[in-house]
J.: 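Sending over a structure as structure tokens; questions will come in a sec.
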Amino acid sequence: MKIEVKNVSKEFKKVVVLHDVNVTFEEGKIYGLVGRNGSGKSVFLKMLCGFYTPTSGEILYDGINFIKEKTFPSDTRALIEKPDFISDLTGYENLELLAQIQGKIGKEEIVEVLKKLHLEKDMDKKFSKYSLGMKQKLGIAQVLMEDPKVMILDEPFNGIEDETVEELRDWLLEEKKRGKIIVLATHIKDDIAKIVDELYKFNGETMTKVSLEK
Amino acid sequence: MRYVLKKDFAQFFKKNSKLVAGIFVVLLFYSIYAKYNYDSTKQVFVAILGLYMDKNSFSADMVVFFFHIVVFIYIVLYLFFSMFRGNIENLFLRLPMKKWFFYKQISIFLVTILLKSSFYIIFSIISGYFDFFHVLSYFCIDVIFVITIQELLMFLLFLFYKNKVFFLLSSLFLIGIFLIFHFPLMVLKIQKQYFFVAVYAVFAFLFFFINGVFAKKSSMHLFEGSR
Ligand SMILES: Nc1ncnc2c1ncn2[C@@H]1O[C@H](COP(=O)(O)OP(=O)(O)O)[C@@H](O)[C@H]1O
Ligand SMILES: [Mg+2]
């Protein structure tokens with residue numbers, strides 16, 4: 001599977017956010033997107049998910065232009081900007097409710113993901129009582145729990161303690177070996193520089209590839 | 001379905017608890033006024049629930065009539081826009097837009113029914129009007145009427161996002177129809193005119209399906225526009 005972004009530009013009311021972006025995402029690789037706040041990373045990821053329409057250009061999932069077909073990409077999970085759940089429900093209940101929509105996984109898998117993120121002791125607390133880092137972890141759990149083919153994570157490590165970030169990086173590397181497409185966006189390059197295969201920088205309106213010297 | 005309903009119910013009643021309480025307080029005050037001014041329990045009941053207004057003279061009934069409509073328009077707007085707030089990716093990468101919109105309509109329908117039926121039960125007791133058959137028939141017609149308005153409103157919202165000119169033209173057209181037919185909106189007035197009731201029901205269904213198609217087609221405008 002691959003995702004091709006071809007000549008994509010995005011304007012909001014004549015304000016150009018992205019201009020002529022070209023990139024191909026392939027299986028078994030981790031892609032990093034860096035850039036200042038407001039450089040268009042989240043907008044780009046929303047277009048990848050089909051929530052925003054490119055002003056020109058196209059995005060193809062295995063050759064299918066899902067934006068034209070007015071659907072959202074399948075087997076893709078994303079966390080874009082702030083994680084947001086139903087505040088009256090517990091972390092676990094929120095994930096369970098989301099998992100029920102497609103019915104691919106049950107309690108076991110959900111709890112397993114929560115354990116990996118060291119969130120299992122807080123899973124029965126209400127979301128409104130969660131700290132910033134815990135909210136962020138729940139957002140990541142939501143992306144990972146159903147074992148999707150494509151994982152899109154926007155500023156994933158916000159507020160999460162270093163030890164868990166370290167483990168998460170290892171986890172993502174494992175997922176990559178299993179043939180996933182992983183796209184990470186951040187304004188702090190160091191967060192992801194160690195694990196990405198390709199790095200792209202959002203600069204002004206354009207996106208350019210950055211060489212990685214490891 | 002469970003996700004959409006839970007989210008809507010939790011949000012709506014939590015964020016609007018004061019408002020809902022306020023609506024009841026306003027209607028309670030009005031019921032005192034109505035009890036002084038009307039003789040029969042039926043008149044009191046009809047007045048509180050805004051089922052009829054005299055369109056030739058300005059009166060408190062007119063205010064209550066529109067008050068009820070505004071309340072249920074607010075519900076639609078609130079639930080309609082709550083869907084685009086927060087993390088859309090949680091839901092929309094799992095559920096197709098069309099299905100989601102169908103569930104959303106169910107949840108709007110349920111919130112509407114819940115509020116309406118509590119109005120009817122409480123104010124039937126307060127006004128002392130217990131003619132079960134009549135209350136039930138008002139209730140049914142009222143619900144059909146309100147849902148028709150809600151569906152029309154959603155339709156106009158979709159138009160607004162898609163094409164402002166179409167939106168203006170259709171709004172004018174609909175307002176025109178209402179004026180030409182002299183507000184055939186009053187529940188009490190159309191009570192015996194099953195033809196009108198049927199027309200409303202057909203309209204509600206028609207726009208229910210049209211809105212479903214629109215929801216899928218205009219999802220992107222909605223996501224971008226309501227950030
Ligand atoms: N729905 C929208 N409507 C109008 N402007 C938007 C919208 N979404 C994002 N923008 C603008 O696009 C620019 C890029 O934002 P964003 O992608 O969130 O940046 P970041 O790289 O920090 O994630 C910002 O100037 C923002 O104001
Ligand atoms: Mg961002």
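Sequence lines set the chain letters: A, B, ... in the order given, protein chains first and strands last, and positions in each chain run from 1.
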J.: Does any N or O in the side chain of E89(B) come within less than 3.5 Å of the main-chain N or O of C49(A), such that one atom is a donor and the other an acceptor?
T.: no
J.: Tell me whether the count of non-hydrogen atoms from other residues, nucleotides or ligands lying under 6.0 Å of NE2 in H118(A) goes above 12.
T.: yes
J.: If you count heavy-atom pairs within less than 4.5 Å of chain A, which of L95(B), V4(B), L91(B), N90(B) leads?
T.: N90(B)
J.: If every non-hydrogen atom of L93(B) is compared with every non-hydrogen atom of A78(A), which pair is closest and at what distance?
T.: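 So the two residues come closest at CD1-N, 3.6 Å.
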J.: If you count heavy atoms of other groups shown closer than 6.0 angstrom to CZ of F109(B), is the number above 12?
T.: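 Not more than 12 within 6.0 Å, no.
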J.: Output yes when R94(B) and E146(A) qualify as a salt bridge under the 4.0 Å nitrogen-oxygen rule, no when they do not.
T.: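 Yes, this pair counts.
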J.: Heavy-atom count check: over 12 atoms from other residues, nucleotides or ligands less than 6.0 Å from F160(B) CZ?
T.: no
J.: Considering only heavy atoms, give the residues of residues 95-113 of chain A separated from chain B by less than 4.5 Å, sorted numerically, with 'none' for an empty result.
T.: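 Result: L97(A), L98(A), Q100(A), I101(A), Q102(A).
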J.: Taking everything shown except K164(B) itself, do over 12 heavy atoms lie less than 6.0 Å from its NZ?
T.: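 Result for NZ/K164(B): enclosed.
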J.: Give a yes or no on whether Y103(B) atom OH has more than 12 heavy-atom contacts from other residues, nucleotides or ligands under 6.0 Å away.
T.: yes
J.: Sort K14(B) into side chain, backbone, both or neither according to what part of it lies under 4.5 angstrom from a heavy atom of chain A.
T.: side chain
J.: Heavy-atom count around F205(B) CZ within 6.0 Å, excluding the residue itself: above 12?
T.: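 No, CZ of F205(B) has 12 or fewer neighbouring heavy atoms, counting only those of other groups under 6.0 Å.
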J.: Using a 6.0 Å cut-off, check whether atom OH of Y74(B) has over 12 heavy atoms from anything other than its own residue.
T.: yes
J.: What's the shortest heavy-atom distance between F92(B) and F51(A), and which atoms?
T.: CB-CE2, 3.6 Å
J.: Measure distances from L89(A) to the heavy atoms of chain B and classify the residue's part below 4.5 Å as side chain, backbone, both or neither.
T.: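 Only the side chain of L89(A) comes within 4.5 Å of chain B.
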J.: With a 4.5 angstrom heavy-atom cut-off, which part of E93(A) approaches chain B: side chain, backbone, both or neither?
T.: neither
J.: Counting only heavy atoms not in F167(B), do more than 12 sit closer than 6.0 Å to its CZ atom?
T.: yes
J.: Given that the side chain runs from C-beta out, which part of K13(A) has a heavy atom under 4.5 Å from chain B: side chain, backbone, both or neither?
T.: neither
J.: At what distance, to the nearest 0.5 angstrom, does CD of Q11(B) lie from CD1 of I86(A)?
T.: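 Going from the CD atom of Q11(B) to the CD1 atom of I86(A) covers 7.5 Å.
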J.: Heavy-atom pairs under 4.5 Å with chain B are the metric here; pick the option from G139(A), P83(A), P73(A) that has the most.
T.: P83(A)
